[in-house]
Amino acid sequence: MSDPVRFLNAFAHSLGVMTLYPEGHPSREKAVDSAFEELDGLTLPGGQRPAFTFLEDEVVFGRERLRELKSWDWGKRLVAAGIERLELERRVTREEFNSFLEEVLARMMLSTVDTTEVRQMRSLGIRYGAVGLQGQDAINAIDPELDAAFASLPAAMTTLDVTLGEEAETFRWLQTEIQSGASVPLLEAEAVVRSLSVAMHGDSRMVLPLLKLKEFDQYTTTHSLNVAVLSMGLAESLGCRPKEIRAVGVAGLLHDIGKIRIPLEVLTKPGKLNDEERAIMNSHPIDGARLIMQSDQDLGMAATVAYEHHIMLNGGGYPVLHYQRECAMASRLVHVCDVYDALSTKRPYRDAWPAERTMAYLEERAGTEFDPELVATFIRTLKQGQAQVRVLSDEPQPT
Ligand SMILES: [Fe+2]
Ligand SMILES: [Fe+2]
């Protein structure tokens, strides 16, 4: 059993024991002692601070999923109590740890918990609170106290050293798998999205880590990861629930999967496409939806998004709809993020557009091509610094 797993088991055990025995009872003290010892012994490579992210059905330690915790149901209970992340700022004392446990227990017993609250116990060296649930109110930091708490974070807390090399690698593998005829590996797609979500929330504020394109033939990988990140950021700003946010992330990641059928010369052609090439290019939404549907019924939303992400609000675009209908909300959302990332990236036939120009483009077409409400929220999210966009390299990072 790995150290973080041992700690989590001891942590859950002490919470259970604390509900049975009063303070000072030997059983209770013993349980807290052993959880504290496990916590104290936790180390991360490079001296990073231990940080746990609790998702509905699993736990991430640092950036790694703890697969051994399959039947551990405390993650769900912690999430329900508004505790989605637990982070150690420094080594804590046993007394501090004990107070922290009491606080967690109290929160778990509350019948109603405001899950948008970002609770910080900085004085105790332990920070915990909600991630992925920071709706606009929390992020706008209307509460001056909360704002001050963010502002007073030491510099090390506000910078996030994230590289998405592994996620890019996994997605490249996923594409080759599908290319060789395998079905869409759902678990891996979800793992990439979870990992992106953790990268977005390692900070107090939501961060949108975006990749910068290094090679043109990597365009689909870079673009897919960026669309996943932007889509999750927009869904979060709209107040969607974590599960919905992750589903939107998977849909964003897979929206262009149909492009694996397009020959590279067409995909990277510098000039204008001829009619035949255009027809090949425009078939990627239908191909993508088909690939996803054949793979997994659970990916229904991703299939819809793959099919609809080039359809405009006024019905224009492609594939041509036989009768007018409104596209799914997730498709309209991914459509905005898709165009934003495409225009912000240098392509063989044009330079990258600056952010202001891209935003103006979206605003001009809000109401005809794009859903105006989604454009407004998207631009607000980017402009107000609610989300800090970080451009990262997609080159493999030295370890
Ligand atoms: Fe597309
Ligand atoms: Fe796209």
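Quantities reported herein were computed from a predicted structural model and do not represent experimental measurements.
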Review point. Between L333 and L238, is any pair of side-chain heavy atoms under 4.5 Å apart?
Key: yes
Review point. Just wondering, more than 12 heavy atoms not from Q179 lying within 6.0 Å of its CD?
Key: yes
Study note, to complete from the structure: Taken to the nearest 0.5 Å, the spacing of E373 CD from M329 CE works out to 8.5 Å
Exercise for review: Measure across A189 and L253 and return the closest heavy-atom pair with its distance rounded to 0.1 Å.
Suggested key: O-CD2, 3.7 Å
Review point. Within the side chain of E38, is there an N or O that forms a donor-acceptor pair under 3.5 Å with the backbone of A35?
Key: no
Review point. Ion pair present between E363 and R380, side-chain N to carboxylate O less than 4.0 angstrom?
Key: no
Check your understanding: Is any side-chain heavy atom of Y340 less than 4.5 Å from a side-chain heavy atom of V336?
Key -> no
Review point. Is the shortest side-chain N to carboxylate O distance from E277 to K269 below 4.0 Å?
Key: yes
Review point. L374, Y361: one ILVMFWY side-chain cluster at the under-4.5 Å cut-off?
Key: yes
Point to revise | Audit row: D256, H309, side-chain hydrogen bond (donor to acceptor under 3.5 Å, both in side chains) steps and yes/no | key: CA-CA 9 Å; D256 269 343; H309 74 276; 3.0 Å; yes
Study note, to complete from the structure: Here the gap from E326 atom CD to D371 atom CG, rounded to the nearest 0.5 Å, amounts to 7.5 Å
Check your understanding: Rounded to the nearest 0.5 Å, what separation is found between the CZ atom of F11 and the OG atom of S34?
Key -> 13.0 Å
Practice item. Might you point out which heavy atoms bring C327 and E308 nearest each other, and give the distance in Å? Key: CB-OE1, 3.4 Å
**Study point:** Any L234 side-chain heavy atom under 4.5 Å of C337 side chain
**Key:** yes
Point to revise | Stepwise salt bridge (charged side-chain N to carboxylate O under 4.0 Å, His left out) check, R94 with E29 | key: CA-CA 11 Å; R94 190 197 178 281; E29 298 310 310; 3.0 Å; yes
Check your understanding: Does the side chain of E23 come under 3.5 Å of the side chain of N98 through a donor N or O and an acceptor N or O?
Key -> yes
Review point. With a 4.5 Å heavy-atom cut-off, do L39 and L42 have their side chains touching?
Key: yes
Review point. Can you check side-chain contact (heavy atoms from CB on, under 4.5 Å) on L299 and M293, steps first, answer last?
Key: CA-CA 7 Å; L299 286 169; M293 279 315 279; over 6 Å; no
Check your understanding: Would you say the side chain of H335 lies within less than 4.5 Å of the side chain of E369, judging by non-hydrogen atoms?
Key -> yes
Point to revise | Atom CZ of R365: over 12 foreign heavy atoms under 6.0 Å | key: yes
**Study point:** Carboxylate-amine/guanidinium proximity below 4.0 Å for D275 and R278
**Key:** no
Exercise for review: Would you tell me whether H284 and H310 have side-chain atoms, one donor and one acceptor, within less than 3.5 Å of each other?
Suggested key: yes
Check your understanding: Can you tell if the side chain of S197 reaches within under 4.5 Å of the side chain of I245, non-hydrogen atoms only?
Key -> no
Exercise for review: Look only at the side chain of R350 and the backbone of T345, and say whether a donor-acceptor pair between them is shorter than 3.5 Å.
Suggested key: yes
**Study point:** Which atom of P285 lies closest to which atom of P319, heavy atoms considered
**Key:** CB-CD, 3.9 Å
Check your understanding: Between R290 and D287, is there a side-chain N and carboxylate O pair less than 4.0 Å apart?
Key -> yes
Review point. Do any N or O atoms from the side chain of H255 and from the backbone of G252 form a donor-acceptor pair under 3.5 angstrom?
Key: yes
Point to revise | Minimum side-chain heavy-atom gap F52-L8 below 4.5 Å | key: yes
Review point. Is there a donor-acceptor pair under 3.5 Å between the side chain of S295 and the backbone N or O of V184?
Key: yes
Review point. Of all heavy-atom pairs between T221 and A168, which one has the smallest distance, and what is that distance?
Key: CG2-O, 3.7 Å
Check your understanding: Is any side-chain heavy atom of I280 closer than 4.5 Å to a side-chain heavy atom of L273?
Key -> no
Exercise for review: Output the distance between atom CG (L230) and atom CG (D341), rounded to the nearest 0.5 Å.
Suggested key: 6.0 Å
Check your understanding: Going by an N to O cut-off under 4.0 Å, is there a salt bridge joining R241 and E236?
Key -> no
Point to revise | Working for side-chain contact (heavy atoms from CB on, under 4.5 Å), residues V305 and I292 | key: CA-CA 10 Å; V305 169; I292 297 170; over 6 Å; no
**Study point:** Any donor-acceptor N/O pair, S195 side chain to A191 backbone, under 3.5 Å
**Key:** no
Check your understanding: Looking only at heavy atoms, which two atoms of G249 and A228 are closest? And how far apart?
Key -> O-CB, 3.5 Å
**Study point:** Closest heavy-atom pair and its distance - P185, L174
**Key:** CD-CG, 3.7 Å
Practice item. Could you walk me through whether N314 and F370 pass side-chain contact (heavy atoms from CB on, under 4.5 Å), step by step? Key: CA-CA 8 Å; N314 62 10; F370 306 109; over 6 Å; no
